[in-house]
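Quick caveat: nothing in here was measured; it's all calculated off a predicted structure. Residue numbering restarts at 1 for every chain, and letters A, B, ... go by the order of the sequence lines.
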2 protein chains.
Amino acid sequence: MTSGVGTLSEASEAYPRIQRRTLHDEVLERMRDMIIEGTLAPGQRINEGLIGAQLGVSRTPLREAIKTLASEGLVEIQPAKGAIVRKFSSTDMRNILEVLKNLEQLGGRTACENASDETIAAIRALHDAMMEQYRVRNRLEYFKLNQAIHSAIVAASGNDVLMEMHGTLQARIKRLRFIGNEGPDKWAGAVAEHEAMIEALEKRDAEALTEVIRLHMDSTRLRVWDVL
Amino acid sequence: MTSGVGTLSEASEAYPRIQRRTLHDEVLERMRDMIIEGTLAPGQRINEGLIGAQLGVSRTPLREAIKTLASEGLVEIQPAKGAIVRKFSSTDMRNILEVLKNLEQLGGRTACENASDETIAAIRALHDAMMEQYRVRNRLEYFKLNQAIHSAIVAASGNDVLMEMHGTLQARIKRLRFIGNEGPDKWAGAVAEHEAMIEALEKRDAEALTEVIRLHMDSTRLRVWDVL
DNA sequence: ATTGATTATGCTGCATACAGAATACTTGCC
DNA sequence: GGCAAGTATTCTGTATGCAGCATAATCAAT
């Protein structure tokens, strides 16, 4: 049924759950964004007092958020020295993309079997919306939809754990990927690959989808290469 | 009150890097063990004051450790209510094993290509040691070596990210897996599959290894099934 | 007796205080 | 001028205090 303990998710089925926000959760979200946006640059040390003041929060919830970020691999904690925004080497990048590729392939294959027609149609809708943003050259919105599609395909597998793992890895390279897609040629290539992905998914052709994802992720590595 | 900085074996391994241990790190490790051992049972609420006193630590580092455990998926945090040890449903279990299978397959394939002969020999040594523990029916030591072998195969791929993801997922089902292997028939089955894995790895037969891992993980699901 | 309301207790979430380490700075010496 | 030692400052790591929510306990009323 539902994952975890399930009491909350069952309740949220019918009624919108009243979500009590904690500060560390809020801070966590904000800091993730700051890292992805580059406000917190890779290699930069995180001064707890400073960031805390900036967010209007004491050090306690901030530190708790940092621990989570560390567990997600977005920051690195050096005892008695503090946390620094993690800097990814080209090897890290290759490793991440390799795993990400396999996760998406698994997600895609499973989605071909399990996903409902509605779910696939929704992904197609995302794709169309993305293409529209491509037409008008709105890179930020395009990018967001792009990420959403990748997530949606994995989500369509119905495997929560897979989604979770995919999400953390995707977060790690989000920034580099965004920068990497600069340049019209690269952009065009990525768009073409996406089109093929959606088509394979609609045909529920797991074999083809797997191959396209392989191609797409390997291309991504090339596109991102010179950003490092 | 705090234990030593590092073990002797670590120090003699390579150059002794002075690693400053923080309390939240220490607590994190301890709590992981407590969850796996069952001292903290699934579904049980974690009382910060209680556990803190038990470990001789204030609530601050404890809470930080809990945040990490939550990020690892071992506990679940309910705002204003506290953290509870996560209880996995059969669906969760299936999802975890599905992803784990794919990660290990990727690790195995890559290891067949990249791993040095020495690395593979070391894994064979682990396997032989495990078989010895099987012979004397030392289930705990057997289990530890079993886990170590799976980790070692993934590690042999040289992909750190893969190792990390594999590690977190492995931790989630560690306890269930341990309980699941009870009974001589199940145990014998697992041992046979392991033997085949090592042989495939030594031949660097990626195809065969992938298939054995598939078999092994699917069998694991069956072995663990009735524990839920 | 059961239900509902009300009080009481316990625990979490956050802020703050303090000790010790790490870094920056100053000063003296060559 | 450059280097070294010693001092000052900053920042992290941990403990503690306090407010608010959640739950348990108590009691009243039907």
Side-chain angles (χ1 to χ4, degrees), chain A residues 4-12 15-31 34-35 40-41 43-71 74-86, chain B residues 1-6 16-31 34-35 40-41 43-71 74-86:
Chain A
V5 177
T7 50
L8 277 175
S9 43
E10 280 164 24
S12 69
Y15 289 94
R17 58 178 177 184
I18 296 176
Q19 195 163 349
R20 194 170 302 282
R21 292 288 278 178
T22 54
L23 272 188
H24 55 257
D25 249 352
E26 206 103 26
V27 169
L28 174 61
E29 219 167 279
R30 292 281 283 273
M31 290 190 73
M34 291 171 82
I35 291 174
L40 293 173
Q44 182 179 335
R45 282 196 45 188
I46 295 176
N47 186 319
E48 295 175 0
L50 202 70
I51 304 285
Q54 194 171 324
L55 296 179
V57 164
S58 92
R59 286 177 53 216
T60 307
L62 185 88
R63 283 178 60 84
E64 293 179 352
I66 289 177
K67 293 292 175 296
T68 302
L69 288 173
S71 180
L74 289 177
V75 307
E76 207 164 337
I77 294 179
Q78 297 165 337
K81 295 184 71 177
I84 65 175
V85 180
R86 188 156 161 200
Chain B
M1 91 175 66
T2 56
S3 60
V5 173
R17 44 175 188 178
I18 310 275
Q19 195 159 355
R20 196 169 299 283
R21 292 287 278 179
T22 55
L23 273 188
H24 54 257
D25 250 350
E26 206 101 27
V27 170
L28 173 61
E29 220 167 278
R30 291 282 282 273
M31 290 189 74
M34 291 170 83
I35 291 174
L40 294 173
Q44 182 178 336
R45 283 195 47 185
I46 295 175
N47 185 318
E48 296 175 359
L50 203 69
I51 303 285
Q54 195 170 325
L55 296 179
V57 165
S58 91
R59 285 178 54 217
T60 306
L62 185 88
R63 282 177 62 84
E64 293 179 352
I66 289 176
K67 294 294 176 295
T68 302
L69 288 172
S71 179
L74 289 177
V75 308
E76 203 166 336
I77 294 179
Q78 296 167 339
K81 294 184 72 177
I84 65 174
V85 180
R86 189 156 160 198

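- Between the CZ atom of A:Arg59 and the C1' atom of D:dT16 there is a distance of 14 Å, rounded to whole Å.
- Rounded to an integer number of Å, the gap from B:Ile66 CD1 to C:dC14 P is 14 Å.
- Within the 4.0 Å cut-off from OP1 or OP2 of D:dG13, not a single side-chain nitrogen or oxygen of B:His24 is found.
- Between the CG atom of B:Asp25 and the P atom of D:dG13 there is a distance of 10 Å, rounded to whole Å.
- Exactly one residue among A:Val75, A:Val85, A:Ile46 makes a side chain to side chain contact (heavy atoms under 4.5 Å, CB included) with A:Met31. That residue is A:Ile46.
- Each of D:dA15, C:dA17, C:dG13 was ranked by its minimum atom distance to the side chain of B:Leu23; first place goes to D:dA15.
- Atom CD of A:Glu29 is separated from atom CZ of A:Arg21 by 4.5 Å, given to the nearest 0.5 angstrom.
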Give me the distances for all protein-to-nucleotides 8-11 of chain C N/O pairs that come in under 3.5 Å?
| unit_1 | atom_1 | unit_2 | atom_2 | d |
| --- | --- | --- | --- | --- |
| C:dC11 | OP1 | B:Asn47 | ND2 | 2.8 |
| C:dC11 | O5' | B:Asn47 | ND2 | 3.4 |

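- Among residues at least two apart or in separate chains, salt bridge (charged side-chain N to carboxylate O under 4.0 Å, His left out) pairs with a member in residues 49-59 of chain A are A:Glu48-A:Arg59.
- Rounded to whole angstrom, the span from the CG atom of A:Leu55 across to the P atom of C:dC14 amounts to 13 Å.
- What separates CD of A:Glu26 from P of C:dG13 is a distance of 15 Å, to the nearest Å.
- Regarding B:Gln78, its CD atom lies at a distance of 12 Å from the P atom of C:dT12, rounded to whole Å.
- Considering only residues two or more places apart in sequence or on other chains, A:Thr68 meets the side-chain contact (heavy atoms from CB on, under 4.5 Å) condition with A:Leu28, A:Glu72, B:Lys67, B:Ser71.
- Rounding to the nearest 0.5 angstrom, the gap separating the CD1 atom in B:Ile51 from the CD1 atom in B:Ile66 is 8.0 Å.
- Taking atom CG of residue A:Leu62 and atom P of nucleotide D:dT14, one finds them 16 Å apart after rounding to whole Å.
- Considering only the side chain of B:Val57, D:dA15 comes nearest among C:dC14, D:dA15, D:dG13.
- Here B:Thr60 lies in heavy-atom contact (under 4.0 Å) with a base.
- Residue side chain A:Arg21 does not reach the base of C:dG13 through any donor-acceptor N/O pair under 3.5 Å, judged by distance alone.
- The CD-C1' distance, from B:Glu64 to C:dT12, rounds to 15 Å in whole Å.
- The side chain of B:Arg63 places no N or O atom within less than 4.0 Å of a non-bridging phosphate oxygen (OP1 or OP2) of C:dT12.
- Closest to the B:Ser58 side chain, of the nucleotides D:dT14, D:dG13, C:dG13, is D:dT14.
- No more than 12 heavy atoms of other residues, nucleotides or ligands sit less than 6.0 Å from atom CZ of A:Arg30.
- Separation of atoms CD (B:Glu64) and NE2 (A:His24) is listed at 11.5 Å; rounding is to 0.5 Å.
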